[in-house]
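All ligand and atom numbering here is 1-based and tracks the order in the structure.
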Amino acid sequence: MRANPVDYELVAPGDLSAVVSLLAQQPGEWLPIAGGTDVMVQYTAGSLASRKLVSLWNLPELRRIEASDSNVTIGAACTYTDIREHAVLAQEFPLLAAAASWTGGIANQNRGTLGGNIVNASPAADSLPALLVYEAELILISARGERRVRYTEFHTGYKEMLLAPDELIRAISLCRRFSGYISYSRKVGARNAQAISKVCVAGLGRIADGHATDVRIAAGSVAPVPIRLRATEGLVEGRTINTELVQAARKAAISGARPIDDIRSTAAYRSAVLGNLVAEFLQKLAAGGSSDVLARWNKLAADQAAEQVLPCCGSSVWARALAARRPIPDLAVLLSTSDEIWRGLKPSDWLEAFSKHPRIGGRKAPPAATSQSASWSAQEQNHVVSAAESVQQGLAAANRAYEQRFGRLFIVCAAGKSAEEMLEILQRRMHNDDATELQAAAEEQRQITNLRLKKYFNP
Ligand SMILES: Cc1cc2nc3c(=O)[nH]c(=O)nc-3n(C[C@H](O)[C@H](O)[C@H](O)COP(=O)(O)OP(=O)(O)OC[C@H]3O[C@@H](n4cnc5c(N)ncnc54)[C@H](O)[C@@H]3O)c2cc1C
């Protein structure tokens, strides 16, 4: 049955102690709502646990990220954007920053919070494997005071957790002791943004005297809650990583998981992918963290390093800023750093990048594009060449209309899209106002850049 808004009550007391008192007066009656990205889905589906909602959105006490010498404490209502853009988190907790950058699209990242992700407790939640390997501590608050719970112990079963009805998560605390660790994260889904993971893995560890040390591996979507693969970690700990060990670890990871068949994937596929990702992590660990290409790029002179990445994104300011952030330990950090730089650029820098693309359906890249960029554009658009003549003509006409309306080329991440799909997207975006359309084009360029960085650094 459709939800009727008049049957619901929403209060926003505006400070944390007032929310905590309300929960204490009527424990279990009031449902906290932070960004609402999960709650509103449940509301629309008519499956909300309560009709009385108390807002945590923008409570200053829950919206801070504080770094001391020993810890970083993230307020539970910090959004993915807050996390992605925080310098210390990006630098020292790249697995969390990477998860934040691929949780949903931009709108979702501006609203969705870390506390909400934890309490929503989806087995596929993207930030939770990172919290498991960093051994985060949760700070819970109620009228009875505060208590700390290790995140590794917090989720006790599917959607079950050590949170009393009158309690909130106030903050998530991370110990600053992972500098120099090699980190690995992968989300396998239909596509990264907007897609719920089929499997996601976060790995962390060091190599000391040729031996794997303090190895931590966590996975999502392979059990009722995200899990640490303790048996696999134990197998690898203190050993030299070689082919036999990687094979044994792959098997141990698969037997430690309990994936299911559901609409997104099958148990067998999830097991196979989990094994592959664990093997990939261990190979990266054995290689000392950097892929050869990334290691070489880290050592180039600044102008050469900027020039090398320019085919991935044609903004010279972006390329120079990315080069200035070296050394970059791995691809996940590279991608989150690139995203952060891109989102902070001026529109004129975005326009410079857009100007390096050929028209969708156009055969020629502009003279300013590098030859590598031109060749990638041709690959990304390969579906257009084989499209029906009528669709190609439709695209040409729509491109002209777009350029007249917005004064620049239409930008869409063409990889994997048919000509018909791109034409439909172009026609839909013609209804955007200028500012919305510029943001939409910038988001498409961000996706193009990520795909190209992956191609370049992870050939
Ligand atoms: C389009 C879309 C795409 C998405 N993509 C992804 C994705 O790729 N990866 C992913 O992991 N998730 C994804 N999600 C899910 C969602 O965005 C995240 O789980 C998000 O982190 C939830 O945060 P929120 O603040 O919106 O939670 P809310 O919806 O406000 O709350 C969720 C639950 O947490 C409780 N809660 C919130 N804050 C607290 C607190 N401080 N203390 C106690 N309880 C609290 C609420 O009572 C509720 O039960 C997506 C959702 C949408 C709609």
Side-chain angles (χ1 to χ4, degrees), residues 10 12 16 19-20 22-23 27-45 47-64 73-84 95-96 98-132 138-142 146-147 149 151 154-155 159-172 185-200 202 220-221 225-226 264:
L10 171 65
L16 183 59
V19 175
V20 165
L22 188 66
L23 295 180
E29 295 266 308
W30 290 90
L31 181 73
I33 172 169
T37 59
D38 284 316
V39 165
M40 291 315 289
V41 172
Q42 291 156 16
Y43 165 77
T44 311
S47 62
L48 261 191
S50 170
R51 289 175 178 244
K52 293 163 124 187
L53 302 174
V54 55
S55 175
L56 310 181
W57 182 245
N58 262 346
L59 288 184
E61 301 93 329
L62 301 185
R63 196 72 197 267
R64 298 185 199 116
T73 308
I74 307 169
C78 287
T79 64
Y80 295 109
T81 303
D82 297 335
I83 290 168
R84 190 167 39 70
L95 296 173
L96 188 60
S101 75
W102 63 43
T103 297
I106 296 296
N108 197 69
Q109 289 170 17
N110 287 340
R111 240 5 248 201
T113 66
L114 187 54
N117 203 228
I118 297 170
V119 177
N120 187 56
S122 161
D126 281 312
S127 61
L128 305 186
L131 297 185
L132 282 174
L138 305 185
I139 304 171
L140 310 182
I141 186 167
S142 71
E146 285 198 350
R147 65 183 179 120
V149 174
Y151 174 64
F154 183 71
H155 283 130
K159 302 256 176 194
E160 286 170 12
M161 63 204 85
L162 301 178
L163 186 73
D166 63 343
E167 264 180 328
L168 291 173
I169 301 182
R170 181 177 71 72
I172 298 93
S185 59
R186 276 289 295 275
K187 166 176 179 167
V188 175
R191 59 197 171 112
N192 276 354
Q194 312 281 11
I196 307 293
S197 299
K198 292 178 184 177
V199 178
C200 58
S221 284
V225 291
R264 280 188 286 280

Which ligand 1 atoms, with their elements, are less than 4.0 angstrom from a heavy-atom of [X]?
X	result
A125	11 (O)
L168	42 (N), 43 (C)
I33	30 (O)
A34	25 (O), 30 (O), 37 (C), 38 (N)
W102	8 (O)
T37	16 (C), 17 (O), 18 (C), 20 (C), 22 (C), 23 (O), 24 (P), 26 (O), 29 (O), 53 (C)

With a 3.5 Å distance limit and no angle check, can you tell me whether K159 reaches the backbone of N120 through a side-chain donor-acceptor pair?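 A pair under 3.5 Å: yes.
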Flag, side chain of E167 to backbone of A164, donor-acceptor distance under 3.5 Å: yes
As an exercise, state the distance from CG of L131 to CD1 of I74, rounded to the nearest 0.5 Å.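 Those atoms lie 7.5 Å apart.
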Nearest 0.5 Å please: distance from the OG1 atom of T37 over to the CG atom of N108.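 Here the interatomic distance stands at 5.0 Å.
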Compute the shortest N/O to N/O distance between [X] and ligand 1 and return yes if it is under 3.5 Å, no if not.
X	answer
V41	no
G35	yes
L31	no
G36	yes
E167	no

Nearest heavy atom to [atom] wins, so pick from [options].
atom	options	answer
atom 14 (N) of ligand 1	I169, N120, L16, N108	N108
atom 25 (O) of ligand 1	V54, L114, T113	T113
atom 44 (N) of ligand 1	V119, L62, L53	V119
atom 18 (C) of ligand 1	L163, T103, I172, D38	D38

Less than 4.0 Å between a side-chain N and a carboxylate O, is that true for R170 and E61?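 No, no charged N to carboxylate O under 4.0 Å.
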Nearest heavy-atom neighbours spanning R111 and T79: O-CG2, 4.0 Å
Closest non-hydrogen atom pair, A77 against T113: O-CG2, 3.5 Å
Determine, using heavy atoms of [X] and all atoms of ligand 1, whether some pair is separated by less than 4.0 Å.
X	result
P32	yes
K187	yes
Y80	yes

Using a 4.0 Å heavy-atom cut-off, which part of A76 comes near ligand 1: side chain, backbone, both, or neither? side chain
Report the part of L56 in contact with ligand 1, treating N, CA, C, O as backbone and CB onward as side chain, heavy atoms under 4.0 Å; options are side chain, backbone, both, neither.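 For L56, only side-chain atoms sit under 4.0 Å from ligand 1.
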Quick one: list whatever passes salt bridge (charged side-chain N to carboxylate O under 4.0 Å, His left out) with D38, sequence neighbours left out. none
Check the orientation of Y151 and F154. Use parallel for under 30°, tilted for 30 to 60°, and perpendicular for over 60°.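 Judged by the thresholds at 30° and 60°, the geometry between Y151 and F154 is tilted.
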Donor + acceptor pair across side chains of Y80, N110 (<3.5 Å):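 Side chains of Y80 and N110: no pair found under 3.5 Å.
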Think R84 forms a cation-pi with W102, using NZ or CZ under 6.0 Å from the six-ring centre and within 45 degrees of its axis? no
Does the structure place the NZ or CZ of R63 under 6.0 Å from the centre of the six-membered ring of W57, at an angle of no more than 45° from the ring's axis?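 Output yes; distance and angle both within limits.
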